[in-house]
Undergrad: 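Below: one structure in structure tokens.
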Amino acid sequence: IGSMSEDWGFAAPPFKPDEALQRLRRELRELGLTERAGVFERRGTPIARAALDGATIAVALVERPSRRSPQWRPRTLTSSAEQRAFVTHLKQQLGAWSEDDD
């Protein structure tokens, strides 16, 4: 019986932060956000930030949308899986915030 750590010949593609950041920017625009100097906004309100940070992507999401002084929750993305999770979480937050706006 083989060990659970066998990789079965599959390896995740290497994380290329520059390409991943371009993909992330595209995904955030598809969510209806507008990019201005690395900050993604909805109707002029900052929602998320994203920038290269060496071999990773530094991102941040606001606690709650606020034009005055948003409280940021920073994270570091080091893989495509983390990036997908960040976008999924952001979609959920945008949905929840939209319901609060109604």
Undergrad: So, using side-chain hydrogen bond (donor to acceptor under 3.5 Å, both in side chains) as the criterion, who are the partners of Gln93 when residues are at least two apart?
TA: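 For Gln93 there are no side-chain hydrogen bond (donor to acceptor under 3.5 Å, both in side chains) partners, ignoring immediate neighbours.
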
Undergrad: Checking Thr34 now: which residues fulfil side-chain hydrogen bond (donor to acceptor under 3.5 Å, both in side chains) with it, not counting sequence neighbours?
TA: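 side-chain hydrogen bond (donor to acceptor under 3.5 Å, both in side chains) check on Thr34 returns nothing, list empty.
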
Undergrad: Can you name the residues that form a salt bridge (Lys or Arg N to Asp or Glu O under 4.0 Å) with Arg26, not counting sequence neighbours?
TA: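 With neighbours one apart ignored, the set is empty.
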
Undergrad: Measuring only between side-chain heavy atoms, which start at C-beta, is Pro70 closer than 4.5 Å to Arg64?
TA: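 Pro70 vs Arg64: side chains apart.
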
Undergrad: Between side-chain atoms of residues 83-91 and protein atoms elsewhere (two or more places apart, or another chain), which donor-acceptor pairs fall under 3.5 Å?
TA:
from  : atom 1 : to    : atom 2 : distance (Å)
Gln83 : NE2    : Ala20 : O      : 3.2
Gln83 : NE2    : Glu27 : OE1    : 3.4
Thr88 : OG1    : Arg84 : O      : 2.9

Undergrad: Please find the pair of heavy atoms, one from Pro17 and one from Gly54, that lie closest to each other, and give the distance.
TA: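 Here Pro17 and Gly54 meet closest at CG-O, 3.9 Å.
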
Undergrad: Considering non-hydrogen atoms only, spot the tightest contact between Ser80 and Phe15 and give its length.
TA: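 Of all heavy-atom pairs spanning Ser80 and Phe15, the closest is N-CD1, 3.5 Å.
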
Undergrad: Determine, step by step, whether Val62 and Trp97 satisfy the side chain to side chain contact (heavy atoms under 4.5 Å, CB included) criterion, reporting the C-alpha distance in whole Å, the side-chain angles of both residues, the deciding distance to 0.1 Å, and the verdict.
TA: CA-CA 11 Å; Val62 295; Trp97 291 330; 3.6 Å; yes

Undergrad: Do you know the tightest heavy-atom contact between Leu21 and Ala50?
TA: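 Looks like CD1-CB, 3.9 Å.
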
Undergrad: Show the nearest heavy-atom pair for residues Ser69 and Ser66, with the distance to one decimal.
TA: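 It is N-OG, 3.6 Å.
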
Undergrad: For the residue pair Leu33 and Glu41, establish whether any side-chain heavy-atom pair is separated by less than 4.5 Å.
TA: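 No, side chains not in contact.
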
Undergrad: Got Pro46 and Phe40 here, is their nearest side-chain heavy-atom distance under 4.5 Å?
TA: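 When only atoms from C-beta onward are counted, Phe40 and Pro46 do not touch, as no gap falls below 4.5 Å.
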
Undergrad: Kindly write out the residues that satisfy side-chain contact (heavy atoms from CB on, under 4.5 Å) with Gln22, not counting sequence neighbours, or none if the list is empty.
TA: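 Arg25.
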
Undergrad: Holding to salt bridge (Lys or Arg N to Asp or Glu O under 4.0 Å), I want the full list of residues that pass it with Arg29, two or more places apart in sequence or in another chain.
TA: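 Scan of Arg29 (salt bridge (Lys or Arg N to Asp or Glu O under 4.0 Å), adjacent residues dropped) gives Glu35.
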
Undergrad: Considering residues at least two apart in sequence or located in another chain, which fulfil the side-chain contact (heavy atoms from CB on, under 4.5 Å) criterion with Glu19?
TA: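 Glu19: side-chain contact (heavy atoms from CB on, under 4.5 Å) contacts with Lys16.
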
Undergrad: Among residues at least two apart in sequence or on other chains, which ones pass side-chain hydrogen bond (donor to acceptor under 3.5 Å, both in side chains) with Arg68?
TA: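 For Arg68, no residue satisfies side-chain hydrogen bond (donor to acceptor under 3.5 Å, both in side chains) once neighbours in sequence are set aside.
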
Undergrad: Give, for atom CG of Leu31 and atom CD1 of Ile47, the distance between the pair rounded to the nearest 0.5 Å.
TA: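 Rounded to the nearest 0.5 Å, the CG-CD1 separation comes out at 10.5 Å.
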
Undergrad: With rounding to the nearest 0.5 Å, note down the distance linking CG in Leu77 to CG in Leu24.
TA: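 Atom-to-atom, Leu77:CG and Leu24:CG are 7.0 Å apart.
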
Undergrad: Apply side-chain hydrogen bond (donor to acceptor under 3.5 Å, both in side chains) to Glu63 and list each qualifying residue two or more places apart in sequence or on a separate chain.
TA: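 Result, side-chain hydrogen bond (donor to acceptor under 3.5 Å, both in side chains) vs Glu63: Arg73.
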
Undergrad: Grab the two heavy atoms, one from Ala48 and one from Leu61, that are nearest each other, plus how far apart they are.
TA: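 Looks like CB-CD1, 4.3 Å.
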
Undergrad: Can you list every pair that meets side-chain hydrogen bond (donor to acceptor under 3.5 Å, both in side chains) and has a residue in residues 44-61, with sequence neighbours left out?
TA: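 Those involving residues 44-61 are Thr45-Arg67.
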
